[in-house]
Structures are given as structure tokens and as C-alpha cells.
Amino acid sequence: MSPSARKILVIDDDQDLVRALGTRLRAEGFLFVAAGDGVMAVAAARREQPDLIILDLGLPGGDGYQVLGRLKTLMSTSSTPVIVLSARDPKVHEERSRAAGADAFLQKPAESATLMAEVRRLLGEA
Amino acid sequence: VLWSIGVGVWDYDMVGDAMSFDDTVARFWQVEGGRPIPMSEVVERIHPDDRTRAVAEVRTALAAGSEFATTYRVVRFDGSIRVVATRGFVTRGLARQPVQLSGILWDTTLQHDAAVARERLQQQQLELKDQFLSHVSHELRSPLTVIFSFVEILLDGLAGELNEQQREFLTITQRNAAHLRQMIDDLLEVTRAQTGKLVVHIRRLELAPVVSSTIEDLTRQAVAKRIGLTGSIPPELPPVLADPDRVRQVLLNLLDNALKFTPEGGAIRVAVEGGRESAGEIVVTVSDSGPGIPEAEREEIFRQLYQLDYGAPVTRKGLGLGLFICRELVTRMGARIWVEAGAQGGSEFKFTLPVYSPVSAIESLLTPDNLARGRFHLIVVAFRPNTKRAWAEREDAAVGLALDVVRHCTLPDRDLVLPRTGASADEEAVGVLACAEAADAAVLVRRIEGQLPRCEALVAARLVWTVGLRTLDVGVAPGETARDVAGALSTRMEDVLAGRDAWRDAA
């Protein structure tokens with residue numbers, strides 16, 4: 001792992017998916033941290049200072065939008081790019097997510113190639 | 001006899017403005033029987049919300065037709081509302097001028113209430129189904145995401161090298177997961193179509209890149225099945241009026257079917273043709289060298305849940321929703337889709353897309369489906385881009401902005417934005433009038449930059465006169481975005497619809 005590796009925080013309560021995303025992100029050379037509920041997520045974001053956040057909308061302990069709102073108001077995380085990765089209808093939630101400060105919206109199931117391309121784009125590595 | 005079954009008779013002498021009627025009618029209108037009354041007294045008894053429409057329907061019959069039928073509500077002195085239906089015919093004089101109207105009238109309150117209740121129940125059931133499917137779809141997607149992710153991890157060798165057979169089995173798993181995802185998407189689309197939530201965002205679109213990128217995306221699949229997939233797109237294709245995502249969706253669906261039914265070593269061809277001024281439409285053809293579709297079933301296959309029996313094993317059946325969705329989408333873009341027998345066997349699926357023009361942009365909104373869904377609220381938008389660009393460019397900008405506004409309106413099914421069209425005031429007035437009449441619309445006049453230009457004032461006045469429309473001005477400062485305008489319009493329209501705001505008669 002290079003010392004300059006970028007750190008990505010995945011906020012999702014689906015442990016299996018967290019495992020899959022972790023495997024993928026590590027294989028692509030990223031540092032990986034995860035949080036499973038809204039309250040932990042905000043704390044983890046402040047503590048870990050990730051370079052990018054992948055956020056699910058349906059979360060225990062606070063809806064994804066609340067988490068997004070908190071992240072965007074906190075000084076230390078307000079400029080961290082956020083990709084919303086959700087099973088919800090993009091026709092409703094894409095615009096809503098963007099309005100709430102998300103940089104991208106991907107509907108589950110998203111292909112890894114699409115997700116990774118989005119990650120790299122937002123990290124300025126594209 | 002008529003009296004005994006509750007049907008009243010009336011007779012209107014146009015020359016003397018005298019309405020005569022029998023006791024049954026007198027009871028409905030709550031007027032004294034015996035003496036004729038002027039038309040204005042009859043109109044006064046009609047519910048205010050139905051008045052302009054009912055009057056317009058009679059006027060239309062007087063102007064051109066010979067018969068008319070209308071229903072309207074009557075508010076009784078005790079505050080109760082009765083629904084009245086009437087039918088009549090026009091008697092004309094020697095110069096074809098209308099001289100007399102005669103007809104019958106009866107109470108349809110019970111039928112009307114039952115129909116309203118039935119419709120409400122149906123809508124509720126559809127909404128429930130929609131909610132249920134949205135929920136189910138969401139819950140199904142999550143585990144599917146995990147399956148996709150791990151299959152991809154394995155296929156990419158992130159958990160160790162794979163042998164040939166492991167790779168093949170995982171590819172099959174992946175293909176079937178994708179199929180499952182497609183079926184979930186289709187289920188949702190169908191409910192959306194039924195609840196009127198299937199939305200297309202049409203705009204001016206260069207078709208060539210959409211078609212070629214879709215073909216490109218399926219090339220790998222075609223190669224795997226040793227099928228030749230080719231496309232031919234003429235270099236000078238005019239822009240079309242369509243939703244790029246939906247065009248892609250339709251094309252993907254047709255190509256998916258073609259790939260499914262074309263045997264190994266076959267050929268699939270996508271051809272884009274047309275665009276001649278006369279036709280005003282582009283035709284996209286997907287031809288395959290599959291088994292073809294029997295003539296008797298060429299219309300049936302576009303029905304919901306229809307499955308064609310090929311008498312031969314097909315790797316995987318679908319839900320029978322793909323072509324149904326294609327037709328729904330294409331129809332919503334103001335176009336057509338159908339299938340013909342291919343020249344060398346196989347099938348030729350064809351769909352049209354209207355060539356872009358400001359007029360086609362408006363017409364596309366006037367689909368039978370849109371019209372059937374209820375009264376339109378018509379917004380005549382006077383966008384006057386403050387630039388020195390060429391007329392055609394300004395016009396494009398105005399149409400683009402108008403379509404953008406409609407997209408952001410919170411009542412998308414009921415709103416119509418008419419941008420400025422036509423080079424002259426007269427041309428514009430004619431176009432707007434035709435649309436308004438077709439839509440049986442109420443009109444909202446939006447103005448930007450101070451005074452309403454003369455031609456739009458003229459259009460508004462003629463609309464009020466001809467179709468019995470009312471206008472509403474929404475004053476918003478220049479320099480606002482389409483979203484701001486749409487927000488302001490939607491709020492005002494919601495107020496109007498909820499009766500919180502009064503219409504202002506522009507006549």
C-alpha cells in the first residue's frame with residue numbers, strides 16, 4: 001500500500017455489500033473504511049477524514065439524506081466528494097441527492113467498472 | 001313518456017333568446033315553469049367550474065356541427081350538487097345560420113358518482129401496486145447488488161486465478177443476474193405506465209451518437225454468439241425530438257430480442273432512414289435473421305405479458321413486458337413502433353421519431369394519452385431571449401427553455417408549455433389556437449420582461465373567446481432559471497386548482 005493511497009469511506013448497512021466493496025476498493029489500491037449506520041458514519045467521517053464517501057440512502061440510525069446533510073454542514077467533511085449508491089428510484093432520488101450535496105448517484109446494482117470510473121473521476125484521477 | 005323516466009325537454013329560440021322547457025327541466029334548473037327565459041339565466045345555473053366548458057361545447061356545435069352532448073353540474077338552492085346530462089341538435093336557417101337548439105336533459109348524478117368512485121378505487125389500487133412494486137424492487141436490488149459485486153470480483157481474478165470452466169459458469173451467473181435486474185426494471189416501468197408516472201423528457205436530440213453507442217455496447221454479446229451486428233446511419237441526419245435515455249432503452253430492448261432469437265452465425269442490422277421534409281420523421285429499423293413473427297401475431301406481441309411460442313427452445317424467456325414498454329415509450333414520444341416481415345426472412349422492427357421543429361415539440365405533448373388524462377392547463381410562454389442571434393437559434397432556445405420549464409413543473413401531466421412559434425403573429429396564433437382547442441385547455445399566460453407582446457395578447461384574447469379559456473399572469477423578473485419559472489408557475493397553478501386563487505378573466 002503506497003503512503004499516498006486515497007482513503008474511501010463506505011456507509012452501508014449491508015455487511016455483504018461492504019465486504020464486496022472493500023475487496024474491490026483494496027484491489028484497486030485504495031484504503032477502505034466502513035460504517036453501518038448513520039450515527040457511526042458521521043463520526044467515522046470526522047475521525048478518518050476520507051478522500052471520498054460512498055453512501056447508501058436506507059440506513060438505520062438516520063436516513064442517508066440526514067447523513068448527507070450532516071456531512072455537508074460539518075467543516076471537516078463538507079468538501080469531501082460523495083457518491084450515493086442506492087437501490088432507490090433514480091428518477092426521484094438522483095436529483096434529490098444532488099440537491100442535498102451529492103456529487104454522483106448510482107443505482108444498485110451498479111457495475112464495478114461504472115462505480116470505479118466515478119470514484120476516479122471524483123478523485124481527479126480520470 | 002319522457003317525463004315518466006325523468007327526462008326533460010327544452011327548446012331554445014336563438015333569434016328571440018328564449019328558452020322554453022317542461023316541468024322536469026324546470027325542476028333541475030330550479031326555475032319557474034311556464035314562461036321562456038333568456039340563455040344567460042340558464043348559464044347562471046351551471047356550476048362556475050363547468051360553465052366555460054359547457055358553453056364552449058354548445059358554441060362549437062353552433063359554429064360547425066349539428067349535434068352536441070354535454071354534462072354539467074347544477075348547484076341547488078340547498079347547496080347540493082346534481083349532475084345533469086343534455087343532448088341537443090341545431091336547426092339551421094336558409095343561410096346555414098343556427099336558428100334553434102332543441103334537446104333533452106336528464107339527471108346522471110348517480111351514474112356520475114359511481115363512475116367517480118370506481119375511477120378513484122382503480123387509481124388507489126394502481127397506486128398500491130406501484131408502492132408495493134417499488135418496495136419489492138428496492139428489496140430485490142440489494143441482494144442482487146451483492147451477487148453482481150462478488151461475481152465481478154471473481155471474474156476479475158481478485159480472489160485468485162480461475163480455470164476456463166469456472167469462468168464460463170460465472171459468466172452464466174452474471175448473465176442471469178443481469179436478466180433478473182432487467183425484469184425488475186420492466187416490472188417497475190409497467191406500473192409506472194399504468195399509473196401515468198412513466199415520464200419521457202423529450203428534447204432536441206442528435207440521434208447518430210445514441211444509436212452508435214448502443215450498438216457498440218452490444219457488440220461484445222453479438223461477437224460471443226458469432227452474430228454480425230452492423231449499423232448504417234446517414235451522415236446528414238436532421239435532429240429529432242426524443243428522450244435520449246428512452247431511445248436507447250427502446251433500441252436496447254429490440255437489439256436484446258434480436259440477439260436472443262437470431263441463431264448463431266446470423267446477422268442483425270440497425271438502419272436509420274428518412275428525414276425528408278415531407279415525412280417529418282426518422283425511421284429506425286432493427287432487422288434480424290431470426291425465425292420471424294407470424295403475421296397474425298405481429299400486433300399481439302406488443303401486448304402486456306405476451307409470449308411468442310417459437311416451438312423451439314429459447315435460452316431464457318422474459319416477462320413479456322419488453323415490447324409493451326417499448327410501445328408505451330415510443331407512443332409517449334409521439335411516435336410509432338411496429339414489426340414487419342424481413343426481406344430475407346427474420347423480422348424488421350421499426351420505430352419512428354419526429355424530426356425536431358418547434359411545432360413538433362408542441363404536438364408531441366398533445367398525445368391522446370395526455371389528452372385523455374384530463375384537462376390540460378396551457379401555459380403560453382413568452383420567452384424572448386435577449387440576444388442578437390439568428391431567428392432559428394432564438395427559436396430553438398425558446399423551445400428548449402419551454403420544455404425545460406415543463407420538465408420542472410410539479411404538475412407535469414397537466415401542464416403544457418407553448419413556446420413562441422411561427423415567424424409571424426398570425427402563424428403563431430393559429431398554432432396555439434389549434435393546440436388549445438385540441439387540448440380543451442385552460443390557459444396560463446406567462447410573461448417575462450414587462451408588457452405582453454401584442455401577438456400573445458391577441459392569442460390570449462382569441463383563446464378566451466374561442467375556447468372559453470381564462471388567463472393567469474405570473475410576473476417573475478427576467479434572468480431567472482427555468483426551474484424558478486416552473487416553481488412559480490406550479491405554485492400558482494396548484495393554488496388555482498385547489499381554489500385558493502381566483503382566475504382573472506382576460507376577456
Side-chain angles (χ1 to χ4, degrees), chain A residues 1 8 10-30 32 34 36-37 54-60 63-65 83-100 105-119, chain B residues 130-131 133-160 173-185 187-189 191-193 195 197-201 217 220 243 245-246 249 329 404 407-408 410 412 483 486-487:
Chain A
M1 199 67 61
I8 294 176
V10 171
I11 304 170
D12 200 308
D13 63 326
D14 184 336
Q15 288 308 305
D16 291 341
L17 183 65
V18 168
R19 177 104 196 268
L21 287 175
T23 310
R24 170 67 60 181
L25 290 167
R26 281 197 206 93
E28 302 267 346
F30 295 105
F32 164 80
D37 72 60
I54 297 174
L55 172 68
D56 185 21
L57 288 180
L59 291 171
D63 184 69
Y65 285 114
I83 298 174
V84 169
L85 177 65
S86 165
R88 294 189 191 170
D89 188 352
K91 288 185 183 65
V92 179
H93 293 278
E94 173 151 19
E95 204 167 320
R96 206 178 143 195
S97 297
R98 286 182 188 277
F105 180 98
L106 292 174
Q107 193 189 21
K108 292 179 182 175
E111 280 175 25
S112 302
T114 315
L115 178 63
M116 294 318 298
E118 208 53 50
V119 167
Chain B
D130 187 34
Q131 279 171 19
L133 278 175
S134 294
H135 175 76
V136 167
S137 140
H138 178 247
E139 295 304 318
L140 291 178
R141 272 172 207 279
S142 298
L144 201 54
T145 310
V146 176
I147 295 172
F148 260 112
S149 305
F150 278 113
V151 168
E152 281 178 328
I153 283 168
L154 293 173
L155 278 172
D156 289 350
L158 302 186
T173 310
Q174 191 181 38
R175 198 175 62 227
N176 281 271
H179 189 65
L180 196 52
R181 174 177 54 188
Q182 187 57 52
M183 289 196 285
I184 295 170
D185 288 346
L187 268 178
L188 266 181
E189 290 283 59
T191 358
R192 283 201 199 108
T195 46
K197 287 179 190 159
L198 190 68
V199 185
V200 295
H201 295 319
D217 287 350
R220 214 172 48 155
D243 179 331
D245 294 337
R246 299 308 198 174
Q249 192 180 347
L329 290 174
D404 219 27
R407 204 168 298 143
H408 288 110
T410 54
R483 190 187 300 242

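Quick note on labels: first sequence line is chain A, next is B, and so on, each numbered from 1. All heavy atoms count here, side chains included; hydrogens, waters and symmetry mates do not.
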Top of B/I184, B/I153, B/T145 for chain A proximity - count of heavy-atom pairs under 4.5 angstrom: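 Highest number of heavy-atom pairs under 4.5 Å: B/T145.
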[X] side chain near [Y] side chain, heavy-atom distance below 4.5 Å:
{"X": "B/F150", "Y": "A/R19", "answer": "yes"}
{"X": "B/S149", "Y": "A/L17", "answer": "yes"}
{"X": "A/R24", "Y": "B/D156", "answer": "yes"}

Nearest 0.5 Å please: distance from the OG atom of B/S142 over to the CG atom of A/D12. 7.5 Å
Distance from B/H138 atom NE2 to A/S86 atom OG, nearest 0.5 Å? 5.0 Å
With a 4.5 angstrom heavy-atom cut-off, could you sort out which part of A/D16 is near chain B: side chain, backbone, both or neither? both
The criterion is side-chain contact (heavy atoms from CB on, under 4.5 Å); which residues satisfy it with A/E111, sequence neighbours excluded?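 Here the qualifying residues are A/T114, B/E152, B/R181.
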